[in-house]
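I have placed the structure first, in the form of structure tokens, so that the comments after it can refer back to it.
Every chain is numbered from 1, with letters handed out A, B, ... down the list of sequences. Just so it is clear, the values below take in all heavy atoms, side chains as well, and ignore hydrogens, waters and symmetry mates.
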Amino acid sequence: MHALTLHNSLTRRREVFAPINPQRVGLYVCGPTVYDRAHLGNARPVVVFDVLARLLRVLFPHVVYVRNITDVEDKINARAAELGVSIGEVTARTTAEFHADMAALGALPPNEEPRATDNIPQMIAIIEKLIANGNAYEAEGHVLFSVESDPHYGRLSGRSPEEMQAGARVEVAPFKRDPGDFVLWKPSPANPEGPELPGWDSPWGRGRPGWHIECSAMSWRYLGEDFDLHGGGSDLLFPHHENEMAQSCCAFPGSRFAHTWVHNGMLLVDGEKMSKSLGNFRTVRDVLALAPGEAVRFLLLRAHYRATLDFTEAALAEARRELDRFYRALARHAPAFAETPAEVPRPLMAALCDDLNTPAAIAALHVLADQAMAGDAEAAAGLHAAGRVLGLLQASPEAWFHGDEEDAGVAAAIAERIAARKARDFARADAIRAELLARGIALEDNASGTSWRRVESGAAS
RNA sequence: GGUCCGGUGGCAGAGUGGUGAUGCAGCGGACUGCAAAUCCGCGAAUGUGGGUUCGAUUCCCGCCCGGACCUCCA
């Protein structure tokens, strides 16, 4: 059995992962705010933590993976107003799109996917505890968390409240006792002029939750006051995660909230931060038009999860070529591993248990592929099993190479070319091959005949 | 300005206090009608200046460069 080590953002060092209860390992990951299609930056944590969840399931008998849906947030309100549709319509549609996109990337659904709006009573309960404990106060219809009341505030992000004030670039609301105080609950007054804001009755009047409270509520409900792992993008470390932890630890004195924090690095596009103004904003759906979802997933796993990852179309094409080789290796032994699932090879487990080192894991995949190419059926079965933990290589080689588009005429063209070759009319044979290549179909003659595969359309020789 | 992370061959990307994985691309060869695929082989890297050390790519400090965050709903 390999010991899993993970870099814990809380301690800033790598630690051996020791679950609170090995019979029930808990993982909470911040999910999407459903106001627009998922972009590549949203996809990275989903894929990274999908691998972590798969790995945990290999190591432990029972894993509860919780990923929330944030369906109350002002960006959603703005989006609904912009589109002239209801908030519910925006969140329902965006959630469905999110599910479809993540499925295309091979991410398994989490065990629990709670919605913020289904957990308002839990949020109110936590806020009441915070007020009772002297960690929160009411001001002008808002309820605010008092940063000063929490001696540990800043521990996760490594900032002191004083430091943060120095660089503060946003005006501080006058009703705050401390500039660092943040909103737990805010008023949603009826708005006769514009669109209605979402609101729920609370001890502080009709209102809606602040940004951070939902994760405290949902992790508490599904995983308890103390739980094993909390994941998310490194951009959420502050303020979101810091505030989450402060709220939860103060609401439940004596608890530590998440014991291990795991943060994935940011994603760049062509070396630049992805942003709408730069015009390099890539949605998952856009990228799925360029390559199979599995290639996108593989690309995301080629870099270590904590490193910044630069997305380029060249890297996507390379990811696809690498997968081509793996599928070729599997194709040589297809029936050998189809029935009985093999044990996950040790080198793969060793790499993943070493702080989820997916690049090293992929190197292990290449070793297995070499062996499979050389005729080792056991290695092929191991490759397939290794792919299962990474969420890769589970398609049939044929499906991978042929895709699911219509391939009308390909078989006939191949037959014609075989006839031409038999007649030693190589000019005709080569013309047929070139024609198919122009359609994005590459031919390969081998001992057993002629096979074909899809390549990037327009790919040169 | 503050906090944090990173800078490895043409590109991508690991590891490591003692002759630097893996992949893609390139080059040579085998195979092929020619290719592709496969196989064999080749060249190619640790930002910079110091320090610690018998020895640093790895540890420490400075510098340069790149990136994330610095707040609560504008």
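- For residues 130-150 of chain A, no residue pair satisfies the salt bridge (charged side-chain N to carboxylate O under 4.0 Å, His left out) rule, not counting sequence neighbours.
- Between B:U38, B:A36, B:C72, one nucleotide has an atom nearer to the side chain of A:Glu444 than all others, and that is B:A36.
- Using a 4.0 Å cut-off between charged side-chain N and carboxylate O, A:Arg421 and A:Asp445 make a salt bridge.
- Nucleotides B:G66 and B:U53, compared at atom P, are 35 Å apart to the nearest Å.
- For the P atoms, the distance linking B:C4 with B:C60 amounts to 13 Å, nearest Å.
- At a threshold of 4.0 angstrom between heavy atoms, the contacts of A:Arg332 are confined to the sugar-phosphate backbone, with no base atom among them.
- Rounded to whole Å, the distance from CG on A:Asp310 to C1' on B:A12 is 10 Å.
- Residue contacts shown for A:Leu236 are absent, as no nucleic acid heavy atom lies under 4.0 Å away.
- Ring geometry for A:His230 versus A:Phe257: interplanar angle of 30 to 60°, hence tilted.
- Between B:G9 and B:C70, the two C1' atoms lie 37 Å apart (nearest whole Å).
- A:Arg67 forms no cation-pi arrangement with A:Tyr28, by the criterion of a distance under 6.0 Å to the ring centre and an angle within 45° of the ring axis.
- Ring planes of A:Phe401 and A:Tyr327: perpendicular class, angle over 60° (limits at 30 and 60°).
- For A:His212, counting side-chain heavy atoms from C-beta on, the closest listed nucleotide (B:C73, B:C72, B:C34) is B:C72.
- Comparing A:Ala307 and A:Val367 by the nucleotide of RNA chain B whose heavy atom lies nearest to each, the residue mapping closer to the 5' end is A:Ala307.
- Side-chain atoms of A:Ser234 lie closest to B:A68 of the nucleotides B:A68, B:A36, B:C73.
- A:Asn446 comes within 4.0 angstrom of no nucleic acid atom, judged by non-hydrogen atoms across all strands.
- Among the protein residues, A:His304 comes within range of the sugar-phosphate backbone only, with heavy atoms under 4.0 Å from sugar or phosphate atoms but none that close to a base.
- Side-chain atoms of A:Ala303 lie closest to B:G13 of the nucleotides B:A12, B:G13, B:C73.
- Aromatic ring centroids of A:Phe326 and A:His366 lie under 6.0 Å apart.
- Taking 4.0 angstrom as the limit, A:Lys273 places a side-chain polar atom (N or O) nearer than this to OP1 or OP2 of B:C69.
- Donor-acceptor pairing under 3.5 Å, judged by distance alone, is absent between the side chain of A:Asn357 and the base of B:G15.
- Residues satisfying the salt bridge (Lys or Arg N to Asp or Glu O under 4.0 Å) test with A:Glu322, not counting sequence neighbours, are A:Arg302.
- Residue-level contact check: A:Asp181 touches the bases, meaning some heavy atom is under 4.0 Å from a base atom.
- Base contact: A:Arg421 has a heavy atom under 4.0 Å from a base atom.
- When the nucleotides B:U71, B:G23, B:G13 are ranked by their closest atom to the side chain of A:Pro239, B:U71 comes out on top.
- Picking from B:C72, B:C39, B:A37 the nucleotide with the shortest atom distance to the side chain of A:Arg325 gives B:C39.
- Residue A:Glu318 is classed as a base contact, given a heavy-atom separation below 4.0 Å to a base.
- Nearest heavy atoms, A:His384 versus A:Leu393: CD2-O, 3.3 Å.
- Between B:G67 and B:G47, the two C1' atoms lie 16 Å apart (nearest whole Å).
- When each of B:U71, B:G33, B:A36 is scored by its nearest atom to the side-chain atoms of A:Phe238, the top-ranked nucleotide is B:U71.
- With no hydrogens or angles considered, a side-chain donor-acceptor pair links A:Asp71 and A:Thr117 at under 3.5 Å.
- A:Asn8 pairs in a side-chain contact (heavy atoms from CB on, under 4.5 Å) with only one of the listed residues (A:Leu6, A:Thr11, A:Thr5), which is A:Thr11.
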* To do: Go ahead and write out RNA chain B as dot-bracket, 5' to 3': ( ) for pairs within the strand, [ ] for ones crossing earlier pairs, | when the partner sits on another strand, dots for unpaired; Watson-Crick or G-U wobble, both distances under 3.5 Å.
  => (((((((..(((.....[...))).(((((.......)))))....(((((..]....))))))))))))....
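- Between A:Arg321 and B:A25, a side-chain N or O to OP1/OP2 separation shorter than 4.0 Å is present.
- Listed nucleotides B:C69, B:A12, B:A14 differ in distance to A:Arg302; the shortest reach to its side chain belongs to B:A12.
- A sub-4.0 Å separation between OP1 or OP2 of B:G6 and a side-chain N or O of A:Arg306 is absent.
- Distances shown here put every side-chain N or O of A:Asn243 at or beyond 4.0 Å from the OP1 or OP2 atom of B:U71.
- Separation of the P atoms belonging to B:U8 and B:A45 is 14 Å when rounded to the nearest angstrom.
- Taking the C1' atom of each, B:G6 and B:A44 are spaced 24 Å apart, rounded to whole Å.
- In this structure, the nucleotide among B:C72, B:U38, B:G23 sitting nearest to the side chain of A:Lys176 is B:C72.
- Across B:U22 and B:G15, the matching C1' atoms stand 11 Å from one another, rounded to whole Å.
- Toward the 5′ end of RNA chain B lies the nearest nucleotide of A:Arg424, the other residue of the pair A:Arg424 and A:Ala442 mapping further downstream.
- Taking 3.5 Å as the limit, the base of B:C31 and the side chain of A:Asp445 contain no donor-acceptor pair of atoms between them.
- Contacts of A:Arg417 with the nucleic acid, taken as non-hydrogen atoms under 4.0 Å apart, include base atoms.
- Among the nucleotides B:C70, B:A14, B:A68, the one closest to any side-chain atom of A:Pro359 is B:A14.
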